[in-house]
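Comments concern the structure below.
Values in this document were obtained by computation on a predicted structure and should not be read as measured data.
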Amino acid sequence: MEPLSELYSAIEAHSSGNAGLLLATLVLGALLLLLSLHRSKYSYYSAPSPPLRAPYWLFGNVEMVERVADRHRLYTEWHERFGPFVRVRIAHRCMLLVADPAAASSILVKGPGYVPRKPSEYTAFDVAHGLQGYNGMLTHQDEGTWRAARRAIAPAFTVSEVKKQYPVILGCMGDTMHTLDTAIAAAGGPADFDIEHHVLIATNNVIGRGFLKLPEGFIDPEQQARDVSFIMATASRFICEPWRWVGHLYLPFLTAEGRRMWSARRRLAGWGESIYDLLQQRYAAAGGVPEDDHSLAGCLMRITDKHGNKPNRGALVAEICDALTASETVPSSIMWTLYCIAVRPQLQQQLQHEFAATGITSSTIAAAAAANSSSSTTCNGSDDAASLRDQGDLALAGPETFSASGKSSAAAGVKQQAAAVSAEVLQQRRQRLLDAFAAAGPEVLKQLPLLQACLYEAMRLYPAGAPGAPRMVEQPTRVGPYLLPPGVIVFPNLYAIMNVSSNWQQPEQFQPERWAQEHAEKDPITGAARWVPFSLGPKACAGQNLAMLQSKAHLAMLLAGYEWSLAPRMGGEAGVAARTYLGVTIKVQDGLWLTATPRA
């Protein structure tokens, strides 16, 4: 007590009788003492941390805001520098980033270190549907309500139910391939595609046609793909930039982004309302939801709250909107796998051998094209139609060439004829491919180990769950060597777990061969999961069975039907890396464009 008495005497002497100053100083000292005692109780505060930059000490690690678009790389850089546990702060939020597989498993999987509660920042995604006050399964803060919703929806995504959707999955990708073929026929040869956008249309249609059983054309698939991609990428930034969240909620018309977001979420909410009305009418006419109806539509209409009561209209519409936005992760996995394969021609050839061994290849286009070319020449009796290859070259030359030669109208006719023949050939090839996949059934996908290895490796490098799986600590909790106080956000960093050198050899390299090793998905020392694209535990992705089946089927069809290369407009692999940013998934600014050439 003597040092405290001396401190008090010194303060009293300097205060010169100012009682207010004396009281304020004592209060501040007491607060600092309490803070010191609190910090000494929890080893969390001794965890390594990136140094704070002047003059931003009060704001914390401002790099998290400055580099919000590539925060997945920033966190990984910190892990490489400071280790598997990194203490960070942004404003008043204290966090612990975790890249240790065993510690991440203890947080996410039920056990002594399990941390179930999602932080309130998750509710930023509720702005997607604009139904304020209502949460979807992604954003429920109440554990009982979340468990009830998850329990109701789970039957729709079992392996057996997902396999029933295999024909729908093929049909939706067939529609996408029809779109690609139409563009290729119009161009007279290879064409460039924003592949994520086209695959997103297919995956949205799988949810709509297969799982919700919506009538054809109930939702505009092009508009849905654009809106979902924009909404989710924008909403993901709210977590690190909460002022954007406030702006979109209360002042949406001040910016072009805000106006676009307002329109997009109005459309999404409108679709959710329309689907709700449709399902209500459908099951009212059937006298209720049949017990054997395990479709997503039936599961949604069976949802109850934690007390067993039926939720109101707004709550169910929010769950439906969640389902409409959940399909964005699959196109990301397909896009990045296709990209990794496209820049490796030899790997594409190896995959063709694997497809041929299973019989899921179309007949050669060259033979069909020759037959059609011969038929066209005989019917027209014209020397000008003798070489479709030459005519295709003219068509690609452009209208200026036609005008200079004085044969613009004739060349236009030749172009139409070549496109018509190409479209017919491509349609026949596409149908043969669809028939081959349909006849083989979903089990054929298990016979494609190289394709699966490529998919796993791309999902490791570019995981759809790159933002991580943050949880809110509600009681003193030990994570690895550190004891965390209540209120800290513990952040199993899924991207870093799969991309840090302490967990993987040469993690920056695309190496499908690493998946030839038994149990490659587990840490060789602890046995903990280190391949975690769907997260872990009770709150892991509910639709992961569907995601894997769709990804394998769509990739196999796209690779069996086309040869892929990186479009010149991307500026090579360096250009792709420079335009990569983090939304809900890892995206590429203005899209990742690949060139598709029909296989001959």
Y283 side chain to G298 backbone, donor-acceptor under 3.5 Å: yes
Under 3.5 Å side-chain donor-acceptor pair for Q511 and E457: no
Salt bridge D277-R313, side-chain N to carboxylate O under 4.0 Å: yes
Distance flag, aromatic centroids of W515 and W531, threshold under 6.0 Å: yes
Pair F193 and W593, ring centroids less than 6.0 Å apart: no
Closest approach of F510 to A458 (non-hydrogen atoms, all atoms of both residues): CE1-N, 3.9 Å
Contact summary for W504 and I497, nearest pair of heavy atoms: NE1-O, 3.1 Å
I275 and L300, any side-chain heavy atoms less than 4.5 Å apart: no
Non-hydrogen atoms of L594 and Y339 that approach each other most closely: CD1-N, 4.2 Å
Within 6.0 Å of CD in E518, more than 12 heavy atoms from elsewhere: no
Check: V289 main-chain N/O paired with D293 side-chain donor or acceptor under 3.5 Å: no
Heavy-atom pair with the smallest gap, counting every atom of L108 and P538: O-CD, 3.4 Å
Considering all heavy atoms, the nearest L433-A560 contact: CD1-CB, 3.9 Å
Any donor-acceptor N or O pair under 3.5 Å, side chains Q431, D435: yes
Main-chain N/O of V576 paired with T580 side-chain donor or acceptor, under 3.5 Å: yes
Pairwise side-chain contact, W146 with R150, heavy-atom cut-off 4.5 Å (strictly under): yes
Parallel, tilted or perpendicular: rings of Y75 and F491 (30°, 60°): perpendicular
N204-S327 side chain donor-acceptor pair, cut-off 3.5 Å: yes
Residue pair D181, R429: steps toward the salt bridge (Lys or Arg N to Asp or Glu O under 4.0 Å) verdict: CA-CA 10 Å; D181 288 345; R429 176 191 61 93; 3.0 Å; yes
Ring pair (Phe, Tyr, Trp, His ring centres under 6.0 Å) assessment of F211 paired with F157: CA-CA 9 Å; F211 284 78; F157 297 105; 5.5 Å; yes
Pairwise side-chain contact, R599 with F355, heavy-atom cut-off 4.5 Å (strictly under): no
Donor-acceptor contact present, side-chain E508 to main-chain V500, <3.5 Å: no
Donor-acceptor side-chain pairing of D192 and T595 below 3.5 angstrom: yes
Partner of E143 by salt bridge (charged side-chain N to carboxylate O under 4.0 Å, His left out), out of K306, K539, R117: K539
Value rounded to 0.5 Å, distance of CD in Q350 from CG in L450: 6.0 Å
Closest non-hydrogen atom pair, A297 against R282: CB-NH1, 3.9 Å
Check: T337 and I334 side chains under 4.5 Å, non-hydrogen atoms: no
Stepwise salt bridge (Lys or Arg N to Asp or Glu O under 4.0 Å) check, R460 with E521: CA-CA 10 Å; R460 181 191 68 78; E521 76 282 1; over 6 Å; no
Check against salt bridge (Lys or Arg N to Asp or Glu O under 4.0 Å), D227 and R266: CA-CA 10 Å; D227 285 349; R266 281 285 297 270; over 6 Å; no
